[in-house]
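Notes to accompany the following structure.
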Amino acid sequence: MNANNQMMQDREIHFAVLAIGAAARRLKTSPRDIYLRLKKYDLIKQLLFDCYDTLHTESIDGVAWSVEEALKAREQ
């Protein structure tokens, strides 16, 4: 992996950690709970990594809302 790809992957991981923490605060639960719920539905990849280019331009509150809505849709 070249340095640019590694830097991008690091940014995506950092973003995912921030998004999980913000969603946990929004939903008044632990980051571990959010992580496990996202992992169960493959939303870490499908939402946080694959949509990074769009989501990282939103406010952290907007990202937390997106995570909450994606979880609601999958858990129904």
Side-chain angles (χ1 to χ4, degrees):
M1 179 179 296
N2 69 36
N4 287 336
N5 287 345
Q6 182 63 48
M7 191 165 63
M8 188 61 174
Q9 185 179 26
D10 291 347
R11 287 180 183 169
E12 289 174 357
I13 291 169
H14 180 76
F15 171 76
V17 170
L18 290 174
I20 290 168
R25 284 188 299 279
R26 179 180 176 90
L27 296 171
K28 296 177 177 45
T29 189
S30 71
R32 178 175 166 72
D33 175 59
I34 298 299
Y35 169 78
L36 292 173
R37 290 165 65 190
L38 289 169
K39 185 177 175 184
K40 179 178 179 179
Y41 299 105
D42 197 31
L43 287 171
I44 295 170
K45 180 184 180 316
Q46 292 177 13
L47 177 66
L48 300 179
F49 291 159
D50 291 351
C51 298
Y52 170 81
D53 288 339
T54 302
L55 286 176
H56 90 280
T57 63
E58 294 184 19
S59 70
I60 195 64
D61 291 332
V63 173
W65 178 85
S66 295
V67 169
E68 178 182 13
E69 291 300 307
L71 284 171
K72 281 183 189 176
R74 293 289 174 97
E75 292 177 333
Q76 286 183 348

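What you see below is based on every heavy atom in this structure, not just the backbone, and it leaves out hydrogens, waters and symmetry mates. Keep in mind it's a predicted model, so treat the numbers as computed, not measured.
- Atom CG of residue Asp33 and atom NZ of residue Lys28 lie 14.0 Å apart, to the nearest 0.5 angstrom.
- Nearest heavy atom pair, residue Ser66 against residue Leu47, reads O-CD2, 4.2 Å.
- Annotation: salt bridge (charged side-chain N to carboxylate O under 4.0 Å, His left out) contacts involving residues 42-71, sequence neighbours excluded, comprise Arg26-Glu68, Lys45-Asp50, Glu68-Lys72, Glu69-Lys72.
- Side-chain polar atoms of Gln6 and Asp10 form a donor-acceptor pair below 3.5 angstrom.
- Scanning both residues, Pro31 and Ala24, for their nearest heavy atoms gives N-CB, 3.6 Å.
- Between Asn5 and Asn2 the shortest heavy-atom distance is N-OD1, 2.8 Å.
- Screening residues 19-44 for ring pair (Phe, Tyr, Trp, His ring centres under 6.0 Å), with sequence neighbours left out, gives no hits.
- In terms of the side-chain hydrogen bond (donor to acceptor under 3.5 Å, both in side chains) criterion, residue partners of Glu75 (sequence neighbours excluded) are, by chain and number, Arg37.
- A side chain to side chain contact (heavy atoms under 4.5 Å, CB included) with Val67 holds for exactly one of Leu55, Leu43, Ile20, Leu48; it is Leu48.
- Listed by chain and number, the residues in a side-chain hydrogen bond (donor to acceptor under 3.5 Å, both in side chains) with Ser30 amount to none (sequence neighbours excluded).
- Residues Leu18 and Met7 do not share a hydrophobic cluster, clusters being chains of Ile/Leu/Val/Met/Phe/Trp/Tyr side chains in contact below 4.5 Å.
- Note that CD1 of Ile34 is 4.5 Å distant from CG of Leu27, once rounded to the nearest 0.5 Å.
- Among pairs with a residue in residues 11-20, none fulfils side chain to side chain donor-acceptor pair (under 3.5 Å), at least two apart in sequence or across chains.
- Counting only residues at least two apart or on different chains, the ring pair (Phe, Tyr, Trp, His ring centres under 6.0 Å) pairs with a member in residues 54-76 are Tyr52-His56.
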